[in-house]
Amino acid sequence: MEIIYYPGCTLDASSKLYDVQTRIVMEKMGFSLRELEDWSCCGATSASKTDEFLAVALPARNLGIADATGLGEIVIPCSSCYSRMLVSQKILAKNAALKDRINSELTKKVQGSIKILNILELLATKSREGFFAEKLSKKLEGLKPACYYGCLQTRFPIDMEVPYDVENPQGMEDVCVALGAAPVDWSYKTDCCGASASVNDSELSFRLMSKIIQDAAARGANCFVTTCPMCQLNLDAYQNQIIQKYGLPGPLPVYFLTEFIGIAMGVSPYDLQIDRHFVESISLLKELNLI
Amino acid sequence: MATDILKFTQEQTATFLKEVSERSGQNLQACYQCRRCAAGCPVADDTGVTPDRLIRMIVMGDRDQASNNLLVWKCVSCYTCGTRCPNNIHTARINETLKQMAKEKSLQPLDVKIAAFHGAFMKSASHFGRINEMEFMGLYEIKASGEEMKRGGLSAVIAEMMAQAKLGIEMMKRKRMHFGFSRIKGMDEIKRLFNRAGKK
Ligand code: SF4
Ligand code: SF4
């Protein structure tokens, strides 16, 4: 199945590993990814905090290009890009004047036809269809992940229908169970890790993350799993500092869901670039005989 | 917080409330102070002010307090308040609006580093159409350290630089630092959009 793929700036830079493994894993799962041609920055949270027009217009350029391909769906791994694109599409559907204003500056106009999917929706649907029941080369026995969703793929700045329980989503748990892992039940799966504040207000984001790490460890998790590159980088890069500061156990590796699927489908952890995590993440997989 | 008796004229109050409501797209007057938003706001411990308080300040026309409190600047846009509010009021959008209003009036942001961060991000996007992390962090450091210099002197600047450099080295070790610059072909479109935004 051919599907458009929007990597976004983070996957093009510090989370390149996520781009690499998404391509490997999705291809293995039978998707054929077509990178969105000449894609540009979605504006992330910064645009919405500084300029209302750009917050809608920057994602819109990408939506226009996607609409013009004539393909049905676009998959977006980064929660922030996903949220901005979806919100832009919904706002433009309701505001014809704004849509005209933006379209007058664009080469490829927004039509509003493309279906925007977060990578988790795609993976969870496949899982529910029973895909993993046949395709696994090994079961992820012994992995007890705390499934971490974060903010931006569960909650939106406008009123929107969402097809899951916003306080207790289950998509990632479903995939983990299908892969043979045993996700823990915990309380902070949709709490904010303060990703953008890590650079400019680290005290705040460290405090937010300390609660997340503490609860995961107390519930018996031996790792985190997420689909958001901001959450992954934040929890991964600063975890050692945080557990030191707050006297917490750990550190726990922070895996991407694509890494779980890759390992379960027999892909080498080095091809998936799991060795590029900040918290050492290969030994747990070795201890559990998963690689 | 504001315990003094509020002095305001009805006219002044109404214009401020109207402006914030219209620009944020939120019906502030629907708020009945149930504080469901406050219970879930992750930054409340740090800011003192919770979303319900902020809304009250705006409704009461307390323009100063409403623009000068830490919630507006420290809000992490987690959208918990709006998702849980029985009246669908998204305080994150109100915070965004108040920040934009402060920027337009060239008021000194209460948290300069946070303002510098978002400013640098947008500047980097306007240069290449994509965020090049090296450039973005460079722009941010220049802006933030200028502000640090004014407030904390050289030692504050050095502390800030050291913290960022430490992360940079860790990133490099794990091959997570990228020095290539990517620039999109449709830069003319991006420029036009930024121009439009500037004009309004
Ligand atoms: S949850 Fe909504 S109605 Fe209740 S206090 Fe907060 S903003 Fe007001
Ligand atoms: S969006 Fe901002 S104000 Fe609302 S709960 Fe999150 S941090 Fe608090």
Side-chain angles (χ1 to χ4, degrees), chain A residues 9-10 12-17 38-41 43-55 57-58 60-61 65 101-102 105-107 150-152 154-159 166 190-192 194-197 199-205 207-208 211 233 237-238 273 275-278, chain B residues 23 25 42-43 45-46 74 76-80 82-84 88 90 92-93 95-97 99-100 103 111 113-114 116-122 124-125 128-134 137 140 144 163-164 167 170-171 174-178 182 184-186 189-190 192-197 200:
Chain A
C9 301
T10 303
D12 202 31
S14 57
S15 294
K16 190 72 194 169
L17 74 162
D38 202 37
W39 57 268
S40 47
C41 173
T45 314
S46 294
S48 62
K49 288 193 182 194
T50 47
D51 192 285
E52 202 67 39
F53 174 76
L54 288 174
L58 290 177
R61 178 176 177 273
I65 301 173
R101 213 150 43 100
I102 291 173
E105 309 291 4
L106 295 179
T107 316
C151 310
L152 295 170
T154 50
R155 292 181 298 268
F156 300 90
I158 55 174
D159 283 313
V166 282
T190 61
D191 273 49
C192 181
S196 75
V199 174
N200 55 38
D201 192 357
S202 57
E203 205 159 304
L204 171 67
S205 76
R207 188 174 61 73
L208 298 182
K211 293 186 181 177
L233 184 62
Y238 297 103
Q273 302 190 349
D275 54 332
R276 295 191 182 186
H277 289 195
F278 290 81
Chain B
R23 292 187 51 174
V43 303
D45 288 354
D46 293 43
K74 285 189 180 248
V76 285
S77 298
C78 71
Y79 306 137
T80 307
T83 306
R84 292 185 182 164
N88 295 329
H90 282 274
R93 311 257 331 258
N95 290 333
E96 286 161 7
T97 299
K99 263 195 287 266
Q100 287 163 11
K103 189 181 157 218
D111 197 314
K113 284 170 78 180
I114 295 177
F117 181 86
H118 296 298
F121 188 98
M122 293 310 284
S124 184
F128 301 98
R130 289 182 189 171
I131 298 301
N132 287 286
E133 288 170 351
M134 293 295 289
M137 288 310 293
Y140 167 70
Q164 301 303 341
L167 178 68
E170 293 298 313
M171 303 257 295
R174 288 163 183 84
K175 306 198 185 85
R176 288 183 75 152
M177 206 68 146
H178 286 254
S182 86
I184 68 161
K185 285 185 242 135
E189 287 175 81
I190 301 289
R192 285 204 298 269
L193 292 174
F194 269 88
N195 277 341
R196 242 254 177 167
K200 270 277 148 30

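The sequence lines fix the lettering, A, B, ..., with proteins before strands; numbering per chain opens at 1.
- Distance check: L204(A) CG to D45(B) CG gives 9.5 Å after rounding to the nearest 0.5 Å.
- Distance OG/S40(A) to NZ/K185(B): 12.0 Å, rounded to 0.5 Å.
- When all heavy atoms are compared, the tightest approach of A197(B) to L54(A) is CB-CG, 3.6 Å.
- The shortest side-chain heavy-atom distance between L58(A) and F194(B) falls under the 4.5 Å cut-off.
- The heavy-atom pair separating F53(A) from L193(B) by the smallest distance is CE2-O, 3.5 Å.
- Contact of L17(A) with chain B is made through the side chain alone, with heavy-atom distances under 4.5 Å.
- Between chain B and the options A60(A), A237(A), C192(A), the largest number of non-hydrogen pairs under 4.5 Å is found for C192(A).
- The part of L208(A) that comes within reach of chain B is its side chain, from C-beta onward, which places non-hydrogen atoms under 4.5 angstrom from that chain.
- Looking at every heavy atom in both residues, E105(A) comes nearest to R192(B) through O-NH2, 2.7 Å.
- In terms of modelled atom types and a separation under 3.5 Å, the side chain of R155(A) and the main chain of T83(B) share no donor-acceptor contact.
- Closest approach of D38(A) and G186(B) over heavy atoms only: OD2-N, 2.8 Å.
- Taking 4.5 Å as the limit, some side-chain heavy atom of I158(A) sits within range of a side-chain heavy atom of R93(B).
- Taken to the nearest 0.5 Å, the NE2 atom of H90(B) stands 4.5 Å off from the CG atom of D159(A).
- Between Y79(B) atom OH and L152(A) atom CG the span is 6.5 Å, to the nearest 0.5 Å.
- Considering every non-hydrogen atom in both R207(A) and V43(B), the closest pair reads NH2-CA, 4.3 Å.
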